[in-house]
Amino acid sequence: MDSTHISLKKISKMYGNNIAIENLDLDIERGKFIAIMGPSGCGKSTLLRSLAGLESITSGSITCNGEEISKLEIWERNTPLVWQSLALFPFLTVQQNVEFGLKMRGEKAEVRKTKSESWLKRLGLESFANRNVDQLSGGQRQRVALARCLVTEPSVLLLDEPLSALDAHLSVKMQGELKRLQRELGITFIYVTHSHSEAFSMADKVVIMNQGKIEQEGSPKDIYLHPISSFVANFLGGSSIFKCTLKSISSQYSLLESNDGSFKSSTESIKHFILEQSLNMIVRADQITITTEGGWSENEVLCQIIGEEFIGALVNLRLQSKNGTEIIVQQQQRDMEKLDIEIGSSVVAGWHPEDCYLITN
Ligand SMILES: Nc1ncnc2c1ncn2[C@@H]1O[C@H](COP(=O)(O)OP(=O)(O)OP(=O)(O)O)[C@@H](O)[C@H]1O
């Protein structure tokens with residue numbers, strides 16, 4: 001069987017004069033977990049709703065297993081959508097909610113019972129079968145919404161920020177459950193989220209959207225290590241971006257000039273570029289080290305600490321250079337203590353020429 005499960009070809013969606021999706025192409029492989037991310041208003045939900053049949057696209061085609069589905073009604077597609085509010089029926093019990101989709105398809109009562117019981121069991125909900133959904137916790141309701149979709153045995157499940165209403169602890173637990181379920185069932189998951197950790201921990205492929213188009217798609221590792229634009233690097237956070245001009249190229253190192261001084265980069269990283277070209281130098285937060293005196297690296301910028309965020313044993317520091325460039329540094333908390341620094345302290349941020357990643361846009 002063709003490994004492409006869903007194929008979007010040149011799809012556009014207009015709301016009046018407003019372009020929500022523009023000429024977008026995307027192939028989704030069977031059985032993969034795809035996370036769609038991007039800033040608010042970039043068209044993520046519109047894309048998912050178009051796949052579900054809740055929106056009709058203005059132009060283009062959507063095929064599922066090679067069959068055009070963009071003109072099909074919602075119930076003819078079998079592309080169920082789980083979304084944040086879950087949309088469970090409060091007047092039905094848990095089991096009746098799970099059976100709902102089967103009932104709409106005209107399944108007999110005994111088939112509905114067998115299938116719904118099997119899914120309630122699989123998702124650890126069997127003891128809640130006769131409860132009303134408003135007598136459940138957030139995580140339990142989330143599982144009912146999943147069971148209600150999965151009972152119809154879809155080959156693709158669409159999820160629109162399904163975990164955003166849960167507290168952090170439950171969200172992490174549900175991420176594990178969702179990934180396990182997706183692997184076990186071999187279903188294609190298309191998952192819209194604002195959460196970088198959800199996308200990067202669960203997805204096989206991350207799609208980053210910007211103004212109705214795809215800016216970059218790739219494995220989480222690839223996108224993390226090789227953002228194709230400063231938009232992606234900025235959106236993902238955790239990197240500093242220096243606007244530079246390429247000034248000289250020699251066998252091992254090349255020289256770049258920026259408002260924050262001259263920097264060296266390994267010539268390997270600039271091989272596609274030419275002298276005097278404007279480039280963005282991206283340096284990841286975990287590759288920048290801070291000292292109070294500097295003098296250990298070719299690439300150094302004097303900065304002031306303007307913010308800090310504690311994440312377990314790590315600290316994300318926001319620094320600002322004299323010229324206003326924001327520099328993000330990830331440090332071990334114990335290293336911070338050794339340096340005896342705090343917000344307002346002056347520090348020197350430095351990084352190795354081998355850790356510079358250069359892109360044009
Ligand atoms: N029913 C609608 N009528 C008019 N414009 C709409 C409608 N729905 C969405 N839009 C517009 O289409 C664009 C894409 O919206 P969409 O909801 O898909 O974005 P999103 O990326 O999911 O945003 P968010 O992350 O905030 O949920 C936005 O500019 C939005 O204002």
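In listed order, ligands and their atoms are each counted from 1.
Judged by the 6.0 Å and 45° rule, Arg143 forms no cation-pi pair with Phe128.
Applying the salt bridge (Lys or Arg N to Asp or Glu O under 4.0 Å) criterion to Glu117, with sequence neighbours excluded, gives Lys113. Taking Glu99 as the reference, Arg112 meet the salt bridge (Lys or Arg N to Asp or Glu O under 4.0 Å) condition, with sequence neighbours excluded.
Taking a heavy-atom cut-off of under 4.0 Å, ligand 1 is surrounded by Tyr15, Asn18, Ala20, Pro39, Ser40, Gly41, Cys42, Gly43, Lys44, Ser45, Thr46, His194.
Scanning all heavy atoms of the two residues, the minimum distance from Ser50 to Ile21 falls at OG-CD1, 4.5 Å.
Here the rule is side chain to side chain contact (heavy atoms under 4.5 Å, CB included) with Asn97, and of Asn132, Val151, Leu88 only Leu88 fits it.
The side chain to side chain donor-acceptor pair (under 3.5 Å) pairs that include a residue from residues 229-238 are Glu215-Ser229, where partners are two or more places apart or lie in different chains.
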